[in-house]
Amino acid sequence: MNYDIIVIGSGPGGYVAAIRASQLGFKTAIVERESLGGICLNWGCIPTKALLKSAQVFEYLNHAEEYGIKVNGGEADFGAIIKRSRGVADGMSKGIQFLMKKNKIDVITGVAKIKKGGKVEVKDAEGATKEYSAKHTILATGARSRELPNLKQDGKRIIGYRQAMNLEKQPKSLVVVGSGAIGVEFAYFYNAIGTKVTIVEFLDRIVPVEDEEISKQLERSLKKAGITVLTNAEVQSVDTSGELSKVQVKTAKGTETIEAETVLSAVGITPNIENIGLEEVGVKTEKGRVVVDDFYKTNIAGIYAIGDIVKGQALAHVASAEGITCVEKIKGLDVSPINYNNIPGCTYCSPEIASVGYTEKAAKDAGYEIKVGKFPFSASGKASAAGAKDGFVKVIFDAKYGEFLGAHMIGSNVTEMIAEVVVARKLETTGHEIIKSVHPHPTMSEAIMEAAADAYGEVIHL
Ligand SMILES: Cc1cc2nc3c(=O)[nH]c(=O)nc-3n(C[C@H](O)[C@H](O)[C@H](O)COP(=O)(O)OP(=O)(O)OC[C@H]3O[C@@H](n4cnc5c(N)ncnc54)[C@H](O)[C@@H]3O)c2cc1C
């Protein structure tokens, strides 16, 4: 019952922290109240990507003739798509069970709460409690779908992401409120398999954290695919009394009512910081998140927090990187704080979006004089061959010293291409070093080299 490290929550923050802790020789336990793998593996990153793959396969079939292939009709089997996605998630969760065993990490099932003096109390499904003690406790309890007062989720007519990936029946019509990564991924998925989709975004553009040009291109692509996109639009109320829900939306033109079978609230997340003992132990929180230093220490000795419950991008790879950093620091290794401006962000709708570093506006706001280069996939041989000419790569450099400030991509497979520029930024690469790194032909990644060349007036294929 005595551990060096107890991790609470087994998402990509918690389970990765636990594995690294075990590698470093700590006697480690992890507590989980649901399935191992957290939101990411069970209700987030992985099952959504399985759904999106089904949508992509269906789109391929629908456009097969463009590739010279005749297909006699195709049908999206909603139940089978959901079943496949759940199967993929279950398989991944079992994989984490294996990893815990392999790394000799004790898995404790139940709801955990920290107590004073390095104690962790765990209540099991029958309500029985057990107490454990640890020199270090890492909180990695993640987050849940955020509720807005005028968009209360009932799980049936107004749903959150969990229900959206596990519905029994495909809705004929869907209003997606919020156009961040989660919102547009579901909008793309449901539209691709035949649901009539409307996106309602409060701000003046969709995927508002991305570079403005990316937002514009995505809006064009989603509209072309048949999705209705309303920006500067605020949901005022939802009336669920009739057969169809009536969503009252205030836009610049006045108030309009959209009827839909289902409404998906995708307006962000709320960190799980309640009932885990923070108040009793005196752990400081601010704006709904646990306050930590650069190495994820809270104000209370021996208590740490990582992942969606602390500030920073709410992404799986961020949670994992924080877990590793936190544990390595506990071990006394020479670690550097994470640079949050070097974190890639990906959205897996079609076309995909991937970005890292400064947007054009952020770079200007930060006082940089910039050079911008852009290369459209319409000029890429590989993109033409693949039938994927939508989109572009945009890169931003500091005009004075050539520092690589940011990259923004939209198009097919860009979520696989972004890692190259993440490394480039980490290594503080300049524009010319990218231009002089010979890229393989034909690949979509040549567009990165060409975009960098464009910034310096050296582009070849434009
Ligand atoms: C629909 C969707 C799609 C997403 N897609 C992506 C993506 O493509 N890429 C990406 O990087 N990110 C994606 N995310 C975000 C990603 O899932 C989260 O950032 C990530 O899971 C956060 O990891 P975490 O370890 O902080 O917490 P979580 O993964 O949320 O895990 C926390 C775990 O703690 C457990 N827990 C909570 N309280 C207790 C307690 N008291 N006792 C015991 N256990 C407890 C929970 O049951 C949960 O299993 C997506 C999220 C959603 C919702």
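Order of appearance sets the numbers: ligands from 1, and atoms from 1 within every ligand. This chain uses plain numbering: 1 for the first residue, then up along the sequence.
- In Cys346, neither the side chain nor the backbone holds a heavy atom less than 4.0 Å from any atom of ligand 1.
- Proximity of Ala140 to ligand 1, defined as any heavy-atom pair under 4.0 Å, is confined to the backbone N, CA, C and O atoms.
- Near Tyr161, meaning under 4.0 Å from any of its heavy atoms, are these atoms of ligand 1: 1 (C), 53 (C).
- The aromatic rings of His136 and Phe26 lie perpendicular to each other, with more than 60° between the two planes, well past the 30° mark.
- Looking at Thr141 against ligand 1, both its backbone and its side chain come within 4.0 Å, counting heavy atoms.
- Using 4.0 Å as the threshold, Pro47 has no heavy atom nearer than that to any atom of ligand 1.
- Side chain of Asp4 to main chain of Lys27: a donor-acceptor pair is present (N/O by atom type, distance under 3.5 Å, no hydrogens or angles).
- For atom 6 (C) of ligand 1, the nearest protein heavy atom (residue, atom name, distance) is Cys45 SG, 3.4 Å.
- Glu261 and Ser173 form no side-chain donor-acceptor contact under 3.5 Å, judged by distance and modelled atom types alone.
- Every atom of ligand 1 is numbered from 1 in the order shown, and the set under 4.0 Å from a heavy atom of Gly307 is 26 (O).
- For the residues Gly44, Gly110, Ser93, the heavy atom positioned nearest atom 3 (C) of ligand 1 is part of Gly44.
- When only modelled atom types and interatomic distance are considered, Glu420 and His439 share a side-chain donor-acceptor pair under 3.5 Å.
- Note on ligand 1: Tyr15 sits outside its first shell, no heavy atom being nearer than 4.0 Å.
- A cation-pi arrangement is present between Lys374 and Phe392 under the rule of less than 6.0 angstrom and at most 45 degrees off the ring axis.
- The part of Ile182 lying near ligand 1 is the side chain, judged by heavy-atom distances below 4.0 Å.
- When side chains are defined from C-beta on, Trp43 counts as touching Asn166, because their heavy atoms get closer than 4.5 Å.
- With Ser35, Gly11, Pro12, Ser145 as candidates, the residue nearest to atom 23 (O) of ligand 1 on a non-hydrogen basis is Pro12.
- Among all non-hydrogen protein atoms, the one lying nearest atom 26 (O) of ligand 1 is Asp308 N, 2.9 Å.
- Using a 4.0 Å cut-off between heavy atoms, Ile39 contacts ligand 1 through both its backbone and its side chain.
- Close approach of ligand 1 to Cys40 is summarised as follows: ligand atoms under 4.0 Å from at least one heavy atom of the residue are 17 (O), 21 (O), 29 (O).
- Nearest to atom 34 (O) of ligand 1 among the protein's heavy atoms is Gly9 CA, 3.2 Å.
- The nearest heavy-atom contact from the protein to atom 48 (C) of ligand 1 is Glu32 OE1, 3.5 Å.
- Heavy atoms of Lys49 come nearer than 4.0 angstrom to ligand 1 in at least one pair.
- In terms of protein heavy atoms, atom 27 (O) of ligand 1 is closest to Gly142 CA, 3.2 Å.
- Using modelled atom types, one finds no donor on one side chain facing an acceptor on the other under 3.5 Å when comparing Tyr188 with Glu352.
- The environment of CG in Asn341 is crowded: more than 12 heavy-atom neighbours from other residues, nucleotides or ligands sit within 6.0 Å.
- Looking only at atom types and distance, the side chain of Tyr132 has no donor-acceptor partner in the side chain of Asn2 under 3.5 Å away.
- Contacts between Trp43 and ligand 1, counted as non-hydrogen atom pairs separated by less than 4.0 Å, involve the backbone only.
- For ligand 1, the atoms lying closer than 4.0 Å to a non-hydrogen atom of Tyr348 are 8 (O).
- Neither side chain, Thr240 nor Arg157, offers a donor N or O lying under 3.5 Å from an acceptor on the other.
- Heavy atoms from other residues, nucleotides or ligands lying under 6.0 Å from NZ of Lys53 number 12 at most.
- Considering backbone and side-chain N/O of Ala112, one or more are found under 3.5 Å from N/O of ligand 1.
- Side-chain contact of Ser145 with Gln153: a donor-acceptor pair under 3.5 Å is present, judged by distance alone.
- Each of the atoms 15 (C), 19 (O) of ligand 1 lies under 4.0 Å from some heavy atom of Ala314.
- Below 4.0 Å from some heavy atom of Leu315 lie the following atoms of ligand 1, by number and element: 10 (C), 11 (O), 12 (N), 19 (O).
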